[in-house]
Amino acid sequence: MSTFIYIACMAGVTYLVRMVPLVLVNKPIKNKYILSFLYYVPYTVLSVMKVPAVFYATDSYISAIIGFAVAVVAALFKRSLVQVAVLSCVMVFVTELIMNNI
């Protein structure tokens with residue numbers, strides 16, 4: 001029963017967080033600082049969610065750091081998202097193989 005209460009509370013909070021700005025802001029936002037802030041919010045939230053998960057997804061921090069570094073370098077060289085993901089996964093796999101066989 002308490003699980004349903006938790007789900008109902010989270011549904012209410014989620015609804016309020018999305019509904020309140022729509023009700024309170026009636027006019028288009030013209031302030032360039034607020035628009036700039038709102039532009040970067042999705043990227044910030046995605047980074048905050050994904051970067052810590054990268055370091056807990058592998059058996060060791062060393063392979064996670066190597067995979068993360070390869071992903072950053074590949075992204076800096078303007079590789080596609082699929083190439084970045086494949087390169088980092090392959091490097092993590094190779095690093096884990098090397099570490100497990102040593």
Side-chain angles (χ1 to χ4, degrees):
M1 183 64 181
S2 65
T3 304
F4 294 116
I5 294 172
Y6 294 139
I7 292 173
C9 288
M10 286 308 301
V13 168
T14 302
Y15 177 74
L16 286 174
V17 166
R18 293 170 189 235
M19 188 256 326
V20 168
L22 291 174
V23 171
L24 295 180
V25 180
N26 296 335
K27 296 182 259 179
I29 299 171
K30 295 180 182 174
N31 188 327
K32 66 180 182 178
Y33 298 109
I34 294 175
L35 287 174
S36 176
F37 171 77
L38 292 175
Y39 177 79
Y40 289 109
V41 167
Y43 302 109
T44 305
V45 170
L46 185 63
S47 299
V48 167
M49 288 171 33
K50 286 298 176 185
V51 171
V54 166
F55 296 106
Y56 292 110
T58 63
D59 288 338
S60 71
Y61 287 118
I62 295 170
S63 62
I65 291 169
I66 291 172
F68 184 73
V70 167
V72 168
V73 170
L76 288 175
F77 281 104
K78 306 279 189 211
R79 295 288 167 201
S80 71
L81 183 59
V82 173
Q83 290 174 336
V84 170
V86 169
L87 283 171
S88 62
C89 288
V90 166
M91 283 308 298
V92 168
F93 180 72
V94 169
T95 306
E96 294 275 336
L97 278 177
I98 291 170
M99 290 174 53
N100 288 335
N101 290 327
I102 290 181

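Counting begins at 1 with the first residue of the sequence.
Nearest heavy-atom pair, Pro52 versus Tyr56, reported as atom, atom and distance to 0.1 Å: O-CD1, 3.1 Å. When all heavy atoms of Ala75 and Val84 are compared, the closest pair comes out as N-CG2, 3.9 Å.
Under the side-chain hydrogen bond (donor to acceptor under 3.5 Å, both in side chains) criterion, Ser63 pairs with Thr58, Ser60, Glu96, not counting sequence neighbours. Residues satisfying the side-chain contact (heavy atoms from CB on, under 4.5 Å) test with Thr14, not counting sequence neighbours, are Arg18.
Side-chain contact check for Leu87 versus Met91: every heavy-atom pair is 4.5 Å or farther apart.
The stretch residues 66-85 participates, sequence neighbours left out, in these ring-ring contact (aromatic ring centres under 6.0 Å, His included) pairs: Phe55-Phe68.
Atom CD1 of Ile98 sits about 11.5 Å away from atom CD1 of Ile62, to the nearest 0.5 Å. To the nearest 0.5 Å, atom CD1 of residue Ile34 and atom CD1 of residue Ile29 are 6.0 Å apart.
Placement of Val25 and Val41 within a single hydrophobic cluster is found when ILVMFWY residues are connected by side-chain heavy-atom separations under 4.5 Å, directly or transitively. Tracing side-chain contacts under 4.5 Å through hydrophobic residues (I, L, V, M, F, W, Y), one never reaches Val17 starting from Leu22; they form parts of separate clusters. Hydrophobic clustering, with ILVMFWY side chains joined whenever heavy atoms are under 4.5 angstrom apart, groups Ile66 together with Met99. By the rule that hydrophobic residues join a cluster once side-chain heavy atoms approach within less than 4.5 Å of another member, Val82 and Leu46 end up as members of separate clusters. Cluster membership check: Val72 shares its hydrophobic cluster with Tyr61, using side-chain heavy-atom separations under 4.5 Å among Ile, Leu, Val, Met, Phe, Trp and Tyr.
Heavy-atom contacts from other residues, nucleotides or ligands closer than 6.0 Å to CE of Met19 number more than 12.
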